[in-house]
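Have a look at the structure below, then the notes.
Note that the numbering runs from 1 along the sequence shown for the chain.
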Amino acid sequence: RLVVWVGVLLALQSIFLAALFPVMFGLEVQRLPDISYETLFPERGRLAPFSLEFSIIGGFHIDIHLGDVTMGVPISIIAALVFSGLAIPLLITSIVFLANWKHAWMIAVFFQALLLTLALVMYFYFRHPYVYLVMMFSIVLVFYLNYYEVRVAYQVVRVSEGGSSHAA
């Protein structure tokens, strides 16, 4: 039962991560200044020149140039995009976890460590509330993944030279 519960929590975490970028992007679009139709399409239906500018000097940031308008992309959007990019691999991990694939536990722990590391790095750059949610979700899953019943369910059994089997 606990293995199924952890698999469902992994799936829920992947859904949460997938929703981060669209939600954060939608919130940021509301904050943007009003851009007129003439700014986007200056010549009869042709889109204005569009370019991206990446800068690492003084901190990582991205600027979008659309015609005469320049907009900065906040680091919270970039971080949400990174977290959302991990949603599909985490969903696949939850599926193989529920299918009791022998390496699923190790992959699930790896993804939780990766998410916690990314969340910690993002915590030092900005303290947006969703970083705390990612941390809390990952910590809970690490605790559940380390329950004895869950670890034993994915423990590889090896046969020794003498013919008896023992847990690795």
Do any side-chain atoms of residues 71-87 form donor-acceptor pairs under 3.5 angstrom with protein atoms, and if so which ones, sequence neighbours left out?
{"residue": "S84", "atom": "OG", "partner": "L17", "partner atom": "O", "Å": "2.6"}
{"residue": "S84", "atom": "OG", "partner": "F21", "partner atom": "N", "Å": "3.0"}
{"residue": "S84", "atom": "OG", "partner": "A80", "partner atom": "O", "Å": "3.0"}

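- Qualifying side chain to side chain contact (heavy atoms under 4.5 Å, CB included) partners for W5, counting only residues two or more places apart in sequence or in other chains: L2, L9, Y144.
- Classified by interplanar angle (parallel below 30°, tilted 30° to 60°, perpendicular above 60°), the ring pair W101/H103 is perpendicular.
- Under the side chain to side chain donor-acceptor pair (under 3.5 Å) criterion, the residue pairs touching residues 88-100 are N100-Y154, with sequence neighbours excluded.
- V6 and L91 fall into different hydrophobic clusters, where Ile, Leu, Val, Met, Phe, Trp and Tyr residues are linked whenever their side-chain heavy atoms come under 4.5 Å apart, directly or through other members.
- Across all non-hydrogen atoms, the minimal contact from A18 to P22 is O-CD, 3.2 Å.
- To the nearest 0.5 Å, the span separating OG1 on T117 from CE on M122 amounts to 11.5 Å.
- Taking hydrophobic clusters as Ile, Leu, Val, Met, Phe, Trp and Tyr residues chained together by side-chain heavy-atom distances below 4.5 Å, L115 shares a cluster with F124.
- Under the 4.5 Å side-chain heavy-atom criterion for ILVMFWY residues, a single connected hydrophobic cluster contains both Y123 and M136.
- If you chain together ILVMFWY residues whose side-chain heavy atoms come under 4.5 Å of each other, I88 ends up grouped with I92.
- Tested against F97 for a side-chain contact (heavy atoms from CB on, under 4.5 Å), the candidates V8, L90, V150 yield a single pass: V150.
- Residues satisfying the side chain to side chain donor-acceptor pair (under 3.5 Å) criterion with Y147, sequence neighbours excluded, are absent altogether.
- By the criterion of side-chain heavy atoms lying less than 4.5 angstrom apart, applied directly or through intervening Ile, Leu, Val, Met, Phe, Trp or Tyr residues, F16 is grouped together with V140 in one hydrophobic cluster.
- Between atom CG of residue L10 and atom CD1 of residue I95 there is a gap of 11.0 Å, rounded to the nearest 0.5 Å.
- Residues L133 and L20 are not in side-chain contact: their nearest non-hydrogen atoms beyond the backbone lie 4.5 Å or more apart.
- Between V134 and L118 the shortest side-chain heavy-atom distance does not fall below 4.5 Å.
- Identified under the side chain to side chain donor-acceptor pair (under 3.5 Å) test for residues 104-113, with sequence neighbours left out: Q13-Q112, Q112-S138.
- Note that the CG atom of L141 and the CG atom of N146 stand 11.0 Å from one another [nearest 0.5 Å].
- In the hydrophobic cluster analysis, where Ile, Leu, Val, Met, Phe, Trp and Tyr join through side-chain heavy atoms closer than 4.5 angstrom, L114 is grouped together with Y130.
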